[in-house]
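Order of listing sets the numbers, starting from 1, for every ligand and every atom in it.
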Amino acid sequence: MPPWLSQINSAQRKESKFDSYRWVQLATIGIDNTPRVRTVVFRGWSESYEMEIYTDKRSQKYYELDLNNKVEICWLFLKSKCQFRFRGTASFDITKANQKHWDSLSEKSKCMWSWPCPGELFVNQPEKAKKIRTDDLSDNFALIKIDINYVDQLILNSSVHKRRKWILNKEWKEERINP
Ligand SMILES: Cc1cc2nc3c(=O)[nH]c(=O)nc-3n(C[C@H](O)[C@H](O)[C@H](O)COP(=O)(O)O)c2cc1C
C-alpha cells in the first residue's frame, strides 16, 4: 500500500457525509497544448492503487488523454483543510471487464452515458430521452485508471502549515518541504 494512502483515507472518512468527499479536479493537456481542468468523481482504487474515474468515451478528455496521458489531480478536503495533488499517467479500460463498474452505478447515473454527445450543441429531443435503456454496459463507458508517481500534500490546520511530498522511484520516498 502506498504510504500516502492512509492520509487520504482518513481525510475522506472525516467528510464522508458530504457528496463532495469524492469530487476531484482532473487536469489534462488540451489538444491545442493548453491546460484543461474539470471536476470528476473519484470511484476508488484498483488492486494496484491506480485512481479510478468513470467517463464518457465521447468526451473531450478522452481524446486529450489519448494524445498525452500525463495528468494532475487536485483533491481538497475541506474539513481537514488538506490539499493533495497527484501526478500520474492515465490509461483507459473500455473492455467488457467494466461490467462490474457499470453495475455499481444507479439507474439515473447510467442514463448519462446515453445522453447526446457531450460538448455538442444542444438539441431538444424529449422523445429520445424516454427510450434510454440502462441494462447493458454502454459502449460510451470508459474507466480511466491513473497510475500515480508523485503526491504533494499541504495541511493548513495549524498556525504552521505543513507540506510534504512522496516521489515514486521504484520505492516511495517521503520528504517534508516548505509550504
Ligand atoms: C460534481 C461533478 C462531478 C462530475 N463527475 C464526472 C465524472 O465522474 N466523470 C466525468 O467524465 N465527468 C464528470 N463531471 C463533468 C465534468 O466536470 C465535465 O464537465 C465533463 O466530463 C466534460 O469534460 P471534458 O469536455 O473536459 O471531457 C462532473 C461534474 C461535476 C460538477
Side-chain (Arg87) to main-chain (Asn149) donor-acceptor, under 3.5 angstrom: no

Quick one: which ligand 1 atoms are inside 4.0 Å of a heavy atom on [X]?
X: Ser59; result: 27 (O)
X: Thr55; result: 10 (C), 11 (O)
X: Val41; result: 3 (C), 5 (N), 6 (C), 7 (C), 8 (O)

Within-cut-off N or O pair, Lys61 and ligand 1, under 3.5 Å: yes

N or O pair under 3.5 Å between Trp23 and ligand 1: no

Lys110 bridged to Glu107 by N-O distance under 4.0 Å: yes

N-O pairing of Lys100 and Glu52 below 4.0 Å: no

Close aromatic pair by centroid cut-off 6.0 Å: Phe84 and Trp4: no

Protein heavy-atom partner closest to [atom] - residue, atom, separation in Å:
atom: atom 19 (O) of ligand 1; value: Arg38 CB, 4.8 Å
atom: atom 6 (C) of ligand 1; value: Val40 CA, 3.5 Å
atom: atom 31 (C) of ligand 1; value: Thr39 CB, 4.3 Å

Flag: protein heavy atom within less than 4.0 Å of atom 25 (O) of ligand 1: yes

Derivation of the side chain to side chain donor-acceptor pair (under 3.5 Å) call for Thr34 and Arg36: CA-CA 7 Å; Thr34 61; Arg36 298 288 180 278; 2.7 Å; yes

Report yes if some heavy atom in the side chain of [X] is under 4.5 Å from a heavy atom in the side chain of [Y]; otherwise report no.
X: Ile177; Y: Asp152; answer: yes
X: Val160; Y: Lys162; answer: no
X: Tyr54; Y: Leu143; answer: yes

Whether Ile53 lies under 4.0 Å from ligand 1, heavy atom: no

Part of Tyr54 within contact of ligand 1 (heavy atoms, under 4.0 Å): backbone

